Amino acid sequence: MDRKVFLFPKETATSYITLKPEQSEPLKKFTVCLQSYTQLTREHSLFSMANSGTESDNTFLIYLKPPNYCMVYINQEEIRFRIDSEVLELKHTCASWDSDTGVVQLWINGKAYPRRVSNKGFTILAPYSIILGQEQDSYGGGFDAKQSFVGEISDVHMWDYVLTFEDINNVLSNVKNGNVVSWKSLWYESKGEVFVQPKLQCTSWGYSTRQYYPCS
């Protein structure tokens with residue numbers, strides 16, 4: 001999937017990508033990073049992880065409410081981050097959680113937001129369902145079109161540890177790949193109308209300045 005994107009062309013409850021992790025062990029810490037590009041002004045899901053069983057649909061969720069809020073859910077608990085106003089730009093999002101401390105960290109375009117704490121001591125049990133394009137209200141399903149993603153998603157990576165500041169910069173430079181989910185060797189299943197397309201532009205990430213150039 002290198003230099004490619006998933007294109008979700010329209011609002012729907014039937015189009016999505018299921019990611020197949022390279023390992024499926026219980027998680028006590030992790031980091032998820034991805035790139036997105038959308039014109040949506042309504043709320044939508046970026047990354048949805050659910051466990052089987054009751055009340056475990058929001059095991060981990062990155063959920064945006066433009067223009068100023070990004071919610072991260074851990075074990076059903078909402079952590080609301082106030083973020084810089086949404087603009088029509090490529091956006092790089094990373095979120096991490098560490099069970100040892102409960103610390104939740106959000107990074108957008110390389111900028112770290114104030115850390116929060118949630119579910120200290122919790123363990124995310126396997127198996128878990130990972131979905132792009134929809135928000136799970138049940139294990140692998142329960143989708144609502146009004147929460148669906150419309151646009152492009154790429155460069156999805158997941159690690160079973162918390163990334164450092166240097167690691168985040170390496171992800172932004174596209175030189176660090178996930179060990180649970182890796183965009184470079186992605187295993188996935190596509191449902192409905194989702195297209196794999198070439199990535200048209202790449203960017204040098206920066207909080208205040210950004211340059212676009214053709215992906216080569």
Side-chain angles (χ1 to χ4, degrees), residues 19 21 23-36 42-86 91-144 147 149 153 156-169 171-172 176 178-181 207:
L19 299 183
Q23 59 185 45
S24 185
E25 302 293 333
L27 294 170
K28 292 184 67 69
K29 56 188 68 178
F30 60 84
T31 305
V32 169
C33 293
L34 57 84
Q35 184 173 301
S36 59
R42 60 158 172 80
E43 60 190 65
H44 56 276
S45 172
L46 281 183
F47 187 99
S48 175
M49 177 191 291
N51 282 117
S52 59
T54 59
E55 296 187 356
S56 55
D57 52 306
N58 291 334
T59 300
F60 173 68
L61 173 66
I62 303 175
Y63 193 81
L64 287 171
K65 289 189 176 180
N68 291 115
Y69 290 99
C70 179
M71 266 66 74
V72 176
Y73 288 78
I74 303 289
N75 189 30
Q76 310 299 115
E77 181 178 2
E78 178 187 286
I79 305 98
R80 179 176 295 230
F81 291 90
R82 183 174 178 86
I83 61 175
D84 297 328
S85 293
E86 293 279 333
K91 180 166 65 178
H92 193 275
T93 302
C94 292
S96 68
W97 170 74
D98 186 343
S99 175
D100 293 341
T101 60
V103 169
V104 180
Q105 178 70 72
L106 177 70
W107 306 72
I108 296 181
N109 297 342
K111 175 181 178 178
Y113 285 86
R115 286 167 284 193
R116 308 287 294 277
V117 172
S118 174
N119 281 275
K120 180 180 178 180
F122 177 66
T123 299
I124 295 177
L125 300 177
Y128 32 81
S129 169
I130 302 175
I131 299 288
L132 304 177
Q134 301 287 343
E135 192 271 313
Q136 300 175 80
D137 283 333
S138 61
Y139 184 76
F143 305 138
D144 180 347
Q147 297 176 320
F149 179 83
I153 289 179
V156 183
H157 294 278
M158 183 175 182
W159 297 261
D160 59 0
Y161 56 91
V162 174
L163 297 191
T164 65
F165 176 77
E166 182 179 3
D167 288 334
I168 295 291
N169 283 334
V171 176
L172 290 168
K176 187 173 181 63
N179 68 336
V180 178
V181 173
Y207 170 59

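What you see is a predicted model; the values in this text were computed from it and never measured.
Between V104 and V117 there is no side-chain heavy-atom pair separated by less than 4.5 Å. Two residues are said to be in side-chain contact when any heavy atoms from C-beta on lie closer than 4.5 Å; C94 and H157 fail this criterion. Looking at C70 and Y113, their side chains never come closer than 4.5 Å, going by heavy atoms from C-beta outward.
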Item to check | F47 and F60: CA distance, side-chain angles, deciding distance, ring-ring contact (aromatic ring centres under 6.0 Å, His included) verdict | outcome: CA-CA 8 Å; F47 187 99; F60 173 68; 5.8 Å; yes

Next on the checklist: What verdict does the side chain to side chain contact (heavy atoms under 4.5 Å, CB included) test give for L19 and V156, after you've listed the backbone C-alpha separation in whole Å, the side-chain angles of each residue and the deciding distance to 0.1 Å?
Outcome noted: CA-CA 10 Å; L19 299 183; V156 183; 4.0 Å; yes

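The two residues W97 and G102 make their nearest non-hydrogen contact at CD1-O, 3.9 Å.
The NE2 atom of H44 sits 14.0 Å away from atom CG of D144, with the distance rounded to the nearest 0.5 Å. With values rounded to the nearest 0.5 angstrom, L125 atom CG is found 11.5 Å from E25 atom CD. With values rounded to the nearest 0.5 angstrom, L172 atom CG is found 7.5 Å from C33 atom SG. Here I83 contributes atom CD1 and L106 contributes atom CG; the two are 7.0 Å apart, rounded to the nearest 0.5 Å. Rounded to the nearest 0.5 angstrom, I74 CD1 and N119 CG are separated by 7.0 Å. Summarising the geometry, atom CG belonging to N75 is positioned 9.5 Å from atom CG belonging to N58; distances are rounded to the nearest 0.5 Å.
Atom NZ of K120 is surrounded by 12 or fewer heavy atoms from other residues, nucleotides or ligands within 6.0 Å. More than 12 heavy atoms of other residues, nucleotides or ligands shown are found within 6.0 angstrom of CZ on R42.
Judged by distance alone, the side chains of S96 and Q105 never bring a donor and an acceptor atom under 3.5 Å apart. Side-chain contact annotation: Q136 with S129, donor-acceptor N/O pair under 3.5 Å present. Side-chain N/O atoms of T123 and K28 include a donor and acceptor closer than 3.5 Å. D57 and S138 form no side-chain donor-acceptor contact under 3.5 Å, judged by distance and modelled atom types alone. There is a side-chain donor-acceptor pair under 3.5 Å between Y63 and E43.
Side-chain atoms of T59 come within 3.5 Å of backbone N or O of N51 as a donor-acceptor pair. Between the side chain of H92 and the backbone N or O of N109, no donor-acceptor pair lies under 3.5 Å. Under a 3.5 Å cut-off, the side chain of D98 and the backbone N or O of V103 do not form any donor-acceptor pair. A donor-acceptor pair is defined here as one N or O able to donate and one able to accept, closer than 3.5 Å; such a pair exists between the side chain of T31 and the backbone of Y161.
Under a 4.0 Å N-O distance rule, the pair D84/K111 qualifies as a salt bridge.
With sequence neighbours left out, the side-chain contact (heavy atoms from CB on, under 4.5 Å) criterion links Q23 to D160, V180.
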